[in-house]
Structures are given as structure tokens and as C-alpha cells.
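In what follows, every heavy atom counts, from backbone to side chain, and hydrogens, waters and symmetry copies are set aside. Just so it is clear, the structure is predicted and the values come from calculations on it, not from any experiment. Sequence lines set the chain letters: A, B, ... in the order given, protein chains first and strands last, and positions in each chain run from 1.
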There are 2 protein chains.
Amino acid sequence: MQETIQNILKKNLLSITGSRVKILELFLAQNGALAHGDIEKRTGEKFDRVTVYRTLQVFLNKGIIHSIPTADNSVLYALCKDDCAEGHHHDNHVHFVCDNCGNTVCMDEVTVPLIKLPNGYEMRQVEMVVSGRCKVCAAGKGV
Amino acid sequence: MQETIQNILKKNLLSITGSRVKILELFLAQNGALAHGDIEKRTGEKFDRVTVYRTLQVFLNKGIIHSIPTADNSVLYALCKDDCAEGHHHDNHVHFVCDNCGNTVCMDEVTVPLIKLPNGYEMRQVEMVVSGRCKVCAAGKGV
DNA sequence: AGGAAGATGCAACTTTGTTGCAAAATATTT
DNA sequence: AAATATTTTGCAACAAAGTTGCATCTTCCT
């Protein structure tokens with residue numbers, strides 16, 4: 001994994017620093033989306049708040065991560081797939097937020113369907129967020 | 001309109017107060033979504049910041065308005081249709097955010113297409129937000 | 001009109017996000 | 001491997017966004 005991380009950074013012409021490695025580790029371990037707060041909590045002892053902000057900003061610019069809109073005003077970030085290039089994302093997948101456990105995952109296998117807008121509107125980006133109960137919580141029923 | 005507003009409040013067992021009436025007026029006049037900031041600006045002289053927060057919170061709880069996630073992580077609020085009940089929304093239409101003028105409109109005529117989730121996931125709500133240029137801005141080209 | 005319940009405004013506070021700059025770490029050159 | 005150039009980091013100070021407790025004022029009901 002350490003190797004993967006270094007590759008990601010090198011591929012994007014970024015120097016290899018502690019905060020970048022640590023934050024990428026978190027994303028790779030998570031397999032889902034992370035709120036800024038989560039990241040800050042899990043790195044707060046090692047890195048300054050400001051560094052976390054700046055690192056995420058850099059990752060966003062480079063297309064390493066993308067942000068996910070949520071209805072409750074929190075900002076989520078998730079790793080991008082390989083075909084995301086700098087300044088040009090292809091996050092054409094649906095995001096799922098679990099009402100129960102609060103986790104957010106990228107449903108890479110579910111693509112956002114095309115829709116037809118009324119005349120005169122120009123579409124640039126489409127975001128689709130589904131909420132409900134995730135596989136784990138739905139299986140655990142009772143909860 | 002004044003009558004409509006009173007009805008909305010009565011139907012939801014809310015007392016009729018200055019801030020509630022004023023904020024509902026804004027929504028009815030807007031025919032689209034409003035950011036918290038917009039609302040605060042347009043009522044700031046009459047009402048305290050805190051009152052705006054609390055009023056929106058009450059409206060959300062009662063299902064009078066709903067929040068819309070946007071790609072830039074600002075939160076928008078819009079009036080719900082009649083069939084939204086407390087804690088149970090049916091906002092099955094697409095929202096459009098204009099990159100140019102910043103306005104958000106509800107596209108009542110564009111319904112959110114059905115999608116199929118992976119096995120095990122339970123869908124409750126779907127939000128679809130399109131960004132781009134609205135009719136007005138796209139027509140005004142140059143800008 | 002009068003009293004109970006609820007809404008508002010104020011002040012103080014927490015949380016979240018930003019900026020400039022000096023110090024430290026990383027990369028590069030020789 | 002050392003010296004230099006380039007980035008990155010942490011700090012401090014700040015700005016913006018959102019929350020809470022409490023006293024005061026409104027609204028509602030009889």
C-alpha cells in the first residue's frame with residue numbers, strides 16, 4: 001500500500017510528505033467517503049488543521065479526490081477513479097448515504113442516467129445522491 | 001398570497017409570526033431555491049440571524065421546505081410540494097443550479113429517473129442536481 | 001383581557017474555513 | 001553527499017458560519 005500511495009503522488013507530480021501519505025492512507029483504508037472532520041480527527045495529532053485543508057485542496061485540484069454533495073451541509077471527499085484527470089472529473093456515478101450508519105459510498109457500478117432538460121438549459125454536471133439503508137444496515141434489520 | 005402563507009403555517013400547527021411569514025414570502029416569490037445567505041440578506045434588517053436559522057430549522061422539520069445538496073457544498077432550501085408530509089418528502093424532481101447567475105430552480109417537469117441499486121441497498125430518497133447555464137444566461141451568451 | 005406557551009433577540013461561544021509569513025522538510029543540482 | 005532552490009508546514013491571527021442559554025416579548029387560547 002505504501003507503494004501505491006507513493007505512485008499516486010508521483011503520478012501527480014506531488015512531493016511525498018507526511019500529511020499527504022497519511023491522508024491517502026485514510027482514503028485507501030476507508031473505501032468510502034470521508035468528511036473533512038473525520039480526516040482532521042484522525043490526523044489532528046500529527047498535522048495542523050491548516051495542513052489538512054491545504055492537502056485536500058491539492059488533491060481536489062489534481063483530481064485525486066472529488067467532493068460529494070450532501071443535504072446536511074457537510075462536505076465529503078472520496079478517491080477518484082483512474083480516469084479522473086486534473087480539473088476534469090468523470091465521477092459519473094451515484095453516491096449513496098446511509099441514514100442509519102451515516103456512511104457514504106461511491107456506487108461505481110451505478111452510472112447517472114441521462115436526462116433531458118427543458119429547452120435553453122445547458123447541462124455541465126449532474127450529481128445524484130441516494131439515501132436509504134446500506135447493505136450492512138439493511139441486513140442487520142433491527143437496528 | 002398572504003392567505004396562502006397563513007394556511008401553510010396553520011396547516012402545520014405553527015404560530016403566525018413575522019419571521020415565518022416573511023421567509024415564506026421569499027420562498028413563494030422566488031419560485032426556486034434559496035441559500036441560507038440569501039434569506040439572511042433579505043431579512044437581516046428585520047430579524048436576527050439566529051431567528052432565521054431557527055425558522056428554517058422548523059420549516060425543515062415540518063416538511064414545509066427541504067434542503068438540496070449542491071456540488072459546491074452550499075445548502076439550498078426550497079418549498080416542498082403539497083404531498084410532502086412531516087419527515088417524509090416526495091421531491092421527485094430535478095434541481096438546476098446556474099453556474100452563471102447562481103439561481104437554483106426546481107424543474108418540476110423533469111422527474112428523476114429510476115435507478116437500480118446493487119442488491120441489499122434500500123432506497124429512500126434520491127436527489128439529482130444539475131449544474132450548468134440556465135435558460136436566461138445561456139440566451140444572454142456573452143456574459 | 002389575561003395567562004400559558006411559544007418565538008425572538010442578545011450575547012457569548014464553538015466550529016469551520018482562510019491568509020501571511022517564517023521555519024522546516026523535500027527535491028534538485030553539482 | 002552537501003548546498004541550494006523549491007515546496008510544504010505550523011503558527012497566529014482572523015473571518016465566517018452556526019449554536020446555546022436566558023430574559024423579554026408575541027402569539028394564541030379561553
From [atom1] of [X] over to [atom2] of [N], roughly how many Å is that when rounded to an integer?
X: A:D48; N: D:dA12; atom1: CG; atom2: P; result: 10 Å
X: A:Q57; N: C:dG17; atom1: CD; atom2: P; result: 11 Å
X: A:K41; N: C:dT16; atom1: NZ; atom2: C1'; result: 12 Å
X: B:K46; N: C:dA7; atom1: NZ; atom2: P; result: 18 Å
X: B:L9; N: D:dT27; atom1: CG; atom2: C1'; result: 12 Å
X: B:K62; N: C:dG6; atom1: NZ; atom2: P; result: 11 Å
X: A:R49; N: D:dT8; atom1: CZ; atom2: P; result: 20 Å
X: B:K22; N: C:dT8; atom1: NZ; atom2: P; result: 15 Å

So, OP1 or OP2 of [N]: does either fall under 4.0 Å of a side-chain N or O from [X]?
X: B:S15; N: C:dG6; value: no
X: B:R20; N: C:dA7; value: yes
X: B:S19; N: C:dA7; value: no
X: A:T51; N: D:dG10; value: yes

*Quick one: does A:H66's side chain have a donor or acceptor within less than 3.5 Å of a partner on A:A78's backbone?*
yes

*Would you confirm whether A:D48, through its side chain, and A:V50, through its main-chain N or O, come within 3.5 Å as a donor-acceptor pair?*
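Answer holds: yes.
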
*Position toward the 5' end of DNA chain D (nearest nucleotide), B:H36 or B:I16*: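 Nearest nucleotide further toward 5': that of B:H36.
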
Out of [options], which nucleotide sits closest to the side chain of [X]?
X: A:V50; options: C:dG17, C:dG9, C:dT18; value: C:dT18
X: B:Y53; options: C:dT8, D:dA17, D:dG10; value: D:dA17
X: A:T55; options: D:dT19, C:dA7, D:dT9; value: D:dT9

*What nucleic acid atoms does A:K10 come within less than 4.0 Å of, heavy atoms only: base, sugar-phosphate, or nothing?*
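Nothing, no heavy atom under 4.0 Å.
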
*asked:* Using a heavy-atom cut-off of 4.0 Å across all strands, would you classify B:R54 as base, sugar-phosphate, or nothing?
replied: base

*For the pair B:T43 and B:T51, evaluate side chain to side chain contact (heavy atoms under 4.5 Å, CB included) and give the outcome as yes or no after the intermediate values.*
CA-CA 10 Å; B:T43 59; B:T51 301; over 6 Å; no

*Using the side chain to side chain donor-acceptor pair (under 3.5 Å) rule, take B:T55 and B:R20 through it: C-alpha gap first, then chi angles, then the decisive distance, then the call.*
CA-CA 6 Å; B:T55 302; B:R20 286 173 185 169; 5.2 Å; no

_Over 60° means perpendicular and under 30° means parallel, so tell me whether A:F96 and B:Y121 are parallel, tilted or perpendicular._
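Answer is perpendicular, since the angle exceeds 60°.
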
